[in-house]
Enquirer: 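This is the structure, below, for whatever I ask next.
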Amino acid sequence: MRNVSTALTIAGTDPSGGAGIQADLKTFQELKSYGMSVITSVVSQNTTGVKDVYHLPSEFLKSQLEAISSDMPVHALKTGMISNVEMMKVIAEWIESIPAPYVMDPVMVATSGDALIEEESRGYLRDHLLPLASLVTPNIPEAEYILGCKIESHDDMKKAAEQICTRFGAGAALIKGGHMKGEAIDFLYDGKRIHEFTSERIDTNNTHGTGCTYAAAITAFLGQGHALPDAVEEAKYFVTEAIRHSLDLGQGSGPTNHFATREEVFNKWL
C-alpha cells in the first residue's frame with residue numbers, strides 16, 4: 001500500500017474560499033498531502049472583509065480533535081485562527097499528545113484589517129501555544145506584537161526571529177517580509193542559524209489568504225519529511241506563484257491561486 005502523508009489544519013472558515021480552512025485544504029491537496037480539518041470558528045467573510053463570526057464551543061472543538069487522533073495519523077499540523085483562551089487551552093493540551101511538527105500561523109488580523117482574535121487571547125497564544133510550536137510564521141505586525149517592539153529593517157527581522165525562539169520557546173521562527181518595501185524577503189531562524197528566502201515582489205492587490213497558504217504549504221512539506229529550510233523554500237515558491245497568478249475575484253483583495261503551480265496552468269498563463 002502506498003504511504004500517504006497527512007496534514008491537519010485547525011482554523012476558522014472562509015466561505016469565499018481564499019483563506020482559512022478552505023485555503024489550507026486546497027494547499028494540502030495541491031502538494032499531495034491528505035488534508036484534514038478541525039474548525040474553530042465559522043466566519044462570514046469575503047474579499048472585502050469579515051461580516052460576522054461564530055465561535056464553536058470548546059467542548060465541540062475537543063470532540064473534533066479527539067475524533068481525528070483516535071482514528072487517523074497526523075504527520076504534521078498547523079493552527080490558524082484561534083479566537084479565545086478556552087479554545088487555546090483545549091488545543092494546547094491536545095498538541096502535547098501529538099508527535100508531529102506543529103506550524104503556528106499566529107492569525108490576529110485579516111488582510112482586510114479586521115481583528116480575528118480577542119485581545120486577551122493574544123497574550124495566551126504567545127505564552128502558552130508558542131512554546132509548543134515547531135515553527136511560527138508571523139508577519140511583521142504579528143511579530144511586533146509578540147515581542148513588543150518595532151521591526152523596521154532586515155536586521156530587525158533577523159533579531160526578531162531569534163528572539164521569538166529564545167524568549168518564548170518556539171522551535172523556529174519565520175518572519176515574513178510582505179510589509180517591507182522592495183523584494184519579498186523572509187528570514188527563518190531554525191534554532192541555530194538564520195536562513196534567507198527571497199522572491200520578487202508581485203504588484204497585485206489580490207493577496208487574500210497568503211499567510212494561510214504559506215503556512216499550510218510548509219506544513220504539508222514537513223509532514224512529507226522535508227527538512228525545515230527546504231520546506232520553507234518550497235513553500236515560498238508555491239505561495240509566490242499563487243500570488244503571481246492570483247485571481248481577480250470579488251470586490252476587495254482577491255484570492256491567491258492555489259493551482260498556479262500545476263504545469264499545464266503555469267505554462268498557459270506565462
Enquirer: Got a second to check how far I218's CD1 is from L31's CG, nearest 0.5 Å?
Expert: 11.0 Å
Enquirer: Could you grab the distance from atom CG of L228 to atom NE2 of H195, nearest 0.5 Å is fine?
Expert: 7.0 Å
Enquirer: Group every Ile, Leu, Val, Met, Phe, Trp and Tyr by side-chain heavy-atom contacts under 4.5 Å, then state whether F187 and L130 land in the same group.
Expert: yes
Enquirer: Return the OH to CD distance between Y34 and Q29, rounded to the nearest 0.5 Å.
Expert: 9.5 Å
Enquirer: Yes or no on side-chain contact (heavy atoms from CB on, under 4.5 Å) for L249 and T47, after CA distance, side-chain angles and deciding distance?
Expert: CA-CA 8 Å; L249 292 171; T47 63; 5.6 Å; no
Enquirer: Same cluster or not: are I68 and V103 linked, directly or through other Ile, Leu, Val, Met, Phe, Trp or Tyr residues, by side-chain heavy atoms under 4.5 angstrom apart?
Expert: no
Enquirer: Would S33 and Q224 count as a side chain to side chain donor-acceptor pair (under 3.5 Å) if you check the C-alpha gap in whole Å, the side-chain angles of each, and the deciding distance to 0.1 Å?
Expert: CA-CA 8 Å; S33 284; Q224 293 166 12; 2.9 Å; yes
Enquirer: Report yes if some heavy atom in the side chain of L222 is under 4.5 Å from a heavy atom in the side chain of S134; otherwise report no.
Expert: no
Enquirer: Walk me through whether R244 and E241 qualify under salt bridge (Lys or Arg N to Asp or Glu O under 4.0 Å).
Expert: CA-CA 5 Å; R244 187 191 312 280; E241 294 307 311; 3.1 Å; yes
Enquirer: Between Y102 and T79, is the side chain to side chain donor-acceptor pair (under 3.5 Å) condition met? List the steps.
Expert: CA-CA 8 Å; Y102 163 37; T79 56; 2.8 Å; yes
Enquirer: Would you say I91 and V136 are hydrophobically clustered, going by side-chain heavy atoms of ILVMFWY under 4.5 Å?
Expert: yes
Enquirer: Among V43, T13, D14, I39, find the one that has a side-chain contact (heavy atoms from CB on, under 4.5 Å) with M81.
Expert: V43
